[in-house]
Amino acid sequence: MEERIAINGLTFVPYITRDRIQAEVERVAAEIKRDLEGRDPVFLCVLNGAFIFAADLFRELGINESKINFVRYSSYSGTSSLGQVKEIMGLTEDLAGKDVVIIEDIVDTGLTATKMVADLRKRNPRSVRFATLLHKPVSSTTGFQPDYVAFTIPPKFIIGYGLDLDGKARNLKDIYIVESESGSAENKDKEMLNLVLFGAPGCGKGTQSAKLIDEYGLHHISTGEVLRAQIAQGTELGKTAEAYISKGQLIPDELMISILDAELDKLMADGAEGVIFDGFPRTIPQAEALEGLLEKRGTKLHAVIGLDVPEEELIVRLINRGKETGRADDNLETIKNRLDVYHNQTSPLKDHYKKQGKYLPIKGTGVVDEIFNDIAQGIEHHTGHKRRTRK
Ligand code: 5GP
């Protein structure tokens with residue numbers, strides 16, 4: 001692999017090796033095969049960028065009956081005034097009643113993908129699925145979610161393995177990423193970084209939050225703490241919240257969302273560099289509302305960190321904590337109950353964020369600093385945000 005590649009005044013550095021590409025192509029092929037075996041699928045390779053990915057994926061699938069077409073999604077030739085009107089060219093196959101899989105190189109804003117899927121559906125296929133080598137969820141303006149993704153990447157320019165810059169670099173066997181120059185417009189320091197932290201009681205969320213706050217200049221919003229503070233201050237919100245809590249009821253989604261809205265206003269006024277949400281969202285409507293709250297402030301949720309610790313270890317940690325602090329809810333029966341509630345509550349949310357390509361599972365056992373290193377690496381890989389210090 002070459003160390004650095006210069007094209008048209010930009011420098012690119014190695015990003016994904018051919019071995020990792022091969023491994024993920026095999027995984028995607030296995031997923032497609034599982035979903036479509038015995039269904040006689042039609043593959044559509046979108047030219048030009050996807051030709052190498054499509055060739056590798058198609059061979060890896062090993063479904064002898066499946067067909068592949070090569071299409072181009074491009075503007076009508078010679079229409080300058082209607083330059084935006086695109087159509088699928090080169091499609092000779094009748095798709096009615098067929099299971100179609102689009103093979104793309106990269107989904108960036110998601111505009112091309114959204115329009116292409118809509119156009120294909122007009123041909124009455126039985127199903128349309130979308131497989132992409134690369135997905136940049138942070139660049140998405142459409143919320144388009146591919147069905148199969150080999151790599152989720154930050155919003156930076158990529159070349160190699162079929163992807164070009166001005167027609168060059170498609171031949172490279174590995175994938176390269178543009179090198180960011182510090183102080184340039186690409187420097188992400190000024191962009192907010194918003195994270196959700198998920199983890200069962202006792203998983204080390206408090207410890208890792210403190211490190212995230214320190215290393216990324218983030219603010220921490222724990223909805224539990226906000227509620228307790230509002231109740232203590234006797235605000236209107238606090239009084240309403242208390243009425244629910246005192247009856248042992250869950251706070252309704254709308255109330256939680258308005259509390260969070262007010263909290264975000266305060267943070268934005270303070271010039272927060274980003275936010276860690278802890279204890280929120282707890283439901284899918286809350287997750288959707290959170291996206292809306294961030295969007296209206298010109299930002300978004302970047303990643304959801306899930307700290308995984310086996311149940312047996314959580315129980316041991318919580319019992320020890322109970323002994324040390326005398327916390328009344330740290331006994332075996334309530335611990336088991338809290339863990340059940342946690343798992344029931346968060347598993348639909350995990351799936352929700354996995355589908356969006358935002359879920360970052362982290363092994364939460366071992367040395368605290370190593371766990372944090374894994375989190376920091378995941379954040380950098382997903383969003384391009386770097387920690388302040390490197391240990
Ligand atoms: P979208 O409609 O999702 O914004 O556009 C996707 C298209 O933008 C891709 O098919 C590709 O042509 C181009 N594109 C977006 N990001 C990159 C990138 O990082 N590298 C290259 N070579 N092309 C890109």
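Please read all numbers here as calculations on a predicted model, not as lab measurements. First listed ligand is number 1; within each ligand, the first listed atom is number 1.
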Atoms in ligand 1 flagged as close to Gly110, the criterion being non-hydrogen separation under 4.0 Å: 1 (P), 3 (O), 4 (O)
Distance under 4.0 Å to a non-hydrogen atom of Lys136: what atoms of ligand 1 satisfy this? 16 (N), 17 (C), 18 (C), 19 (O)
At the 4.0 Å heavy-atom cut-off, does Asp164 count as touching ligand 1? yes
Please confirm whether Val107 comes under 4.0 Å of ligand 1, counting heavy atoms of the residue only. yes
Can you label the angle between the Phe198 ring and the Tyr359 ring as parallel, tilted or perpendicular, going by 30° and 60°? tilted
Among all the protein's heavy atoms, is there at least one whose distance to atom 16 (N) of ligand 1 comes out below 4.0 Å? yes
Ile106, Val178, Asp166: member with heavy atom nearest to atom 6 (C) of ligand 1: Ile106
Who gets closest to atom 20 (N) of ligand 1 by heavy atom: Thr114, Thr112, Asn48, Ile158? Ile158
Intermediate values then yes/no, side-chain contact (heavy atoms from CB on, under 4.5 Å), Gln230 and Glu263: CA-CA 11 Å; Gln230 297 269 349; Glu263 222 37 48; 4.2 Å; yes
Min N/O separation Leu163 to ligand 1 under 3.5 Å: no
What do you reckon, does Ala113 have a nitrogen or oxygen under 3.5 Å from a nitrogen or oxygen of ligand 1? no
Using a cut-off of 6.0 Å, state whether more than 12 heavy atoms not belonging to Lys336 lie near its atom NZ. no
State whether Glu31 and Arg129 are salt-bridged, where the test is any N-O pair (Lys NZ or Arg NE/NH1/NH2 against Asp/Glu carboxylate O) under 4.0 Å. no
Would you call Glu225-Arg228 a salt bridge at under 4.0 Å N-O? no
Heavy-atom contacts under 4.0 Å between Asp105 and ligand 1: side chain, backbone, both, or neither? side chain
Does Lys156 approach ligand 1 within less than 4.0 angstrom via side chain, backbone, both or neither, non-hydrogen atoms only? backbone
I'd like to check Lys363 versus Glu370 (side-chain heavy atoms, cut-off strictly below 4.5 Å). Are they in contact? no
Do the non-hydrogen side-chain atoms of Phe280 and Ile257 ever get within less than 4.5 Å of each other? yes
Is there a continuous path of hydrophobic side-chain contacts, each under 4.5 Å between heavy atoms, that joins Ile371 to Leu195? yes
Identity and separation of the nearest protein heavy atom to atom 1 (P) of ligand 1: Thr109 OG1, 3.2 Å
